[in-house]
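Have a look at the structure below before the remarks.
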2 protein chains.
Amino acid sequence: MNEMDISLILFTLDQGKIKVLLLHREEEPFRGYWMLPTVSLKENKTIEELVEEHLHTLGMKGLCTKQVGVFSDLKRVPKTRTLGLAIMSWIDTKSFELKETIREEHNWFELDLLPKVIYDHQEMIEKAQESFISVLLHTNELLTLFPSDFTLPELQDTYEELLGYSLDRRNFRKKLIQYDVLEDTGYKNEGMNGRPAKLYRFKEDSDLTNLF
Amino acid sequence: MNEMDISLILFTLDQGKIKVLLLHREEEPFRGYWMLPTVSLKENKTIEELVEEHLHTLGMKGLCTKQVGVFSDLKRVPKTRTLGLAIMSWIDTKSFELKETIREEHNWFELDLLPKVIYDHQEMIEKAQESFISVLLHTNELLTLFPSDFTLPELQDTYEELLGYSLDRRNFRKKLIQYDVLEDTGYKNEGMNGRPAKLYRFKEDSDLTNLF
DNA sequence: CCAAAAGTGTTTTCAGTACACCCATGC
DNA sequence: GCATGGGTGTACTGAAAACACTTTTGG
């Protein structure tokens, strides 16, 4: 006999940084604050169905999701006791654009530049972040976040962000080449400062699970 | 506005095998079946409080726990819609004995010798198992499950169970010795078949996180 | 003395690490 | 031509893997 809210922690990778999608709250209380996109659990729906529906309203579908945890503190939201289920998912920025109507009130934020968020959403984000990093390092989900045309320095920046320490450029390249997961697109990333970087894509069925 | 049950998946390691604690159900429906120890979430308690209390009734306290996931299928239990939260924990068999009153109706089962369990408890156990293995391989919780006086072959059996493949005995020993985590107790495991194995304990503050 | 399980060393191989200079572009 | 960032090769080191015989106990 408890209310339960489902909050979505949606991550993306952009230029080697992890970003999370937040919604700008237009109603009281906490009007003007940012928050995680959240829905209430209905009695006639499973969690998976609700999450799928909610992602659909954001213009996404078929994403992998992962439960992060249930938050049950008695005062986590004002008034009635409400459980908070945190669900994590991820999508790539390049092949995805937020629907026009949705975009206005949503925004991607870098993890170390988060605005103040309501309730225990900060805690949810932190816990989801751990889980996200772990998924990226130990599965092949990174492939879905790096569709065609990325540069090696960009990939290296990403791994440095995930691992929390920096890597030697030459050794990083050597490793990726050795693992035989890269395909040269033949194009270069022109128009930037300095020498243009080659653009790559991942080969089909690449296995990154043991890279780091 | 949903009921929620909290089910405990309590693991232990015994002679290189993972075991899970099940309760023999004495009431209808499903009288005679086995199940995970389960309590209902109250409106005035957090999940952590309830789990702690429940563990206390089993005679354990201060254990680490980890949420495994919420199961929300509409028909996972008969009659009313009830969410199922699976919570995993672990304890060592040697330093722990089930309370007399509790022991009668509970039993430890090896994972590949599980009896039939009710509802979706099988699924919970499987998901918890993954999580348990991951915790043991990537944290130092194994230390709490191997208090003083274990043999190296026993430890090796455990790692083989966790990893799902077998290890070379000489290389295993070499690695453990190299990591400098073992302390010889001076005793031997006598009375068994064959040459008695030396008994070890882990040194304080050993780090096993990068062993495998 | 036989069966059963524990203990022990060496060699090879491969991946990780450290490290400094040249190259392609924009301005 | 200079600033900026990208690309490249080599030598060293240390861990992982492969592998067979001896030792200690109980019966």
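Model, not experiment: these values are computed from the prediction. All heavy atoms count here, side chains included; hydrogens, waters and symmetry mates do not. Convention: sequence-line order gives letters A, B, ...; per-chain numbering from 1.
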Exercise. Look at the side chain of Thr158(B) and the backbone N and O of Glu154(B), then say whether any donor-acceptor pair between them is shorter than 3.5 Å.
Key: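 Side chain of Thr158(B) to backbone of Glu154(B), a donor-acceptor pair under 3.5 Å: yes, one is there.
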When the distance from [atom1] of [X] to [atom2] of [N] is rounded to whole Å, what number comes out?
X	N	atom1	atom2	value
Leu167(B)	dA18(D)	CG	P	11 Å
Asn189(A)	dG7(D)	CG	C1'	14 Å
Arg195(A)	dC21(C)	CZ	C1'	12 Å
Glu190(A)	dC27(C)	CD	C1'	15 Å
Gln156(A)	dG5(D)	CD	C1'	12 Å
Arg169(A)	dC23(C)	CZ	P	15 Å
Asp168(B)	dG7(C)	CG	P	14 Å
Asp157(A)	dG5(D)	CG	P	11 Å

Quiz item: Taking atom OH of Tyr33(B) as the centre, does the number of heavy atoms from other residues, nucleotides or ligands within less than 6.0 Å exceed 12?
Solution: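 It does not: Tyr33(B) OH has 12 such atoms or fewer within range.
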Self-check item: Greater than 12 external heavy atoms within 6.0 Å of Phe212(B)'s CZ
Solution: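 Atom CZ in Phe212(B) is packed in, count exceeds 12.
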Practice problem: Using the closest heavy atom to pick a nucleotide of DNA chain C for each, name whichever of Tyr200(B) or Gly194(A) lands nearer the 5' end. | Solution: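 Its nearest nucleotide lies further toward 5', so the answer is Tyr200(B).
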Quiz item: Are Arg31(A) and Glu26(A) ion-paired here, with the side-chain N under 4.0 Å from a carboxylate O?
Solution: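 Answer for the salt bridge query: no.
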Quiz item: Should Glu183(A) and Arg201(A) count as an ion pair when the cut-off is N to O under 4.0 Å?
Solution: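 Salt bridge between Glu183(A) and Arg201(A), a charged N being under 4.0 Å from a carboxylate O: yes.
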Practice problem: Please evaluate the base of dG7(C) for a donor-acceptor partner in the side chain of Arg170(B) within a cut-off of under 3.5 Å? | Solution: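 Per atom types, no contact qualifies.
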Quiz item: Between dT8(D) and Arg173(A), is there an OP1 or OP2 to side-chain N/O distance shorter than 4.0 Å?
Solution: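 For dT8(D), OP1 or OP2 has a side-chain N or O of Arg173(A) closer than 4.0 Å.
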Practice problem: Return the nearest nucleotide to the side chain of Lys198(B); candidates are dA24(C), dT8(C), dT8(D). | Solution: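 Looking only at heavy atoms from C-beta outward on Lys198(B), the closest nucleotide is dT8(C).
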Quiz item: Between dC23(C), dG7(C), dT25(C), which one does the side chain of Leu152(B) approach most closely?
Solution: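 For the Leu152(B) side chain, the nearest candidate turns out to be dG7(C).
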Practice problem: Let me know, please, whether Ala197(A) or Met192(B) comes out on the 5' side of the other along DNA chain D by nearest nucleotide. | Solution: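 Mapping each residue to its closest nucleotide by heavy atoms, the 5'-most match is Ala197(A).
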Quiz item: Nucleotide by nucleotide, 5' to 3', does protein get under 4.0 Å of the base (B), only the sugar-phosphate (S), or neither (-) in nucleotides 10-16 of chain D, counting heavy atoms?
Solution: B----SS
Please tabulate, one pair per line, all N/O donor-acceptor pairs under 3.5 Å involving side-chain atoms of residues 49-65 of chain B, not counting sequence neighbours.
unit_1	atom_1	unit_2	atom_2	d
Glu49(B)	OE1	Thr46(B)	N	3.0
Glu53(B)	OE2	Lys45(B)	NZ	3.1
Thr57(B)	OG1	His54(B)	O	2.7

Quiz item: Should the pair Lys127(B) and Phe132(B) be classed as cation-pi, given the thresholds of under 6.0 Å to the six-membered ring centre and 45° from the axis?
Solution: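 No - Lys127(B) does not lie over the ring of Phe132(B) by the 6.0 Å and 45° rule.
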Quiz item: With sugar-phosphate meaning primed atoms plus P, OP1 and OP2, does Asn193(B) contact a base, only sugar-phosphate, or nothing at under 4.0 Å between heavy atoms?
Solution: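 Contact class for Asn193(B): sugar-phosphate only.
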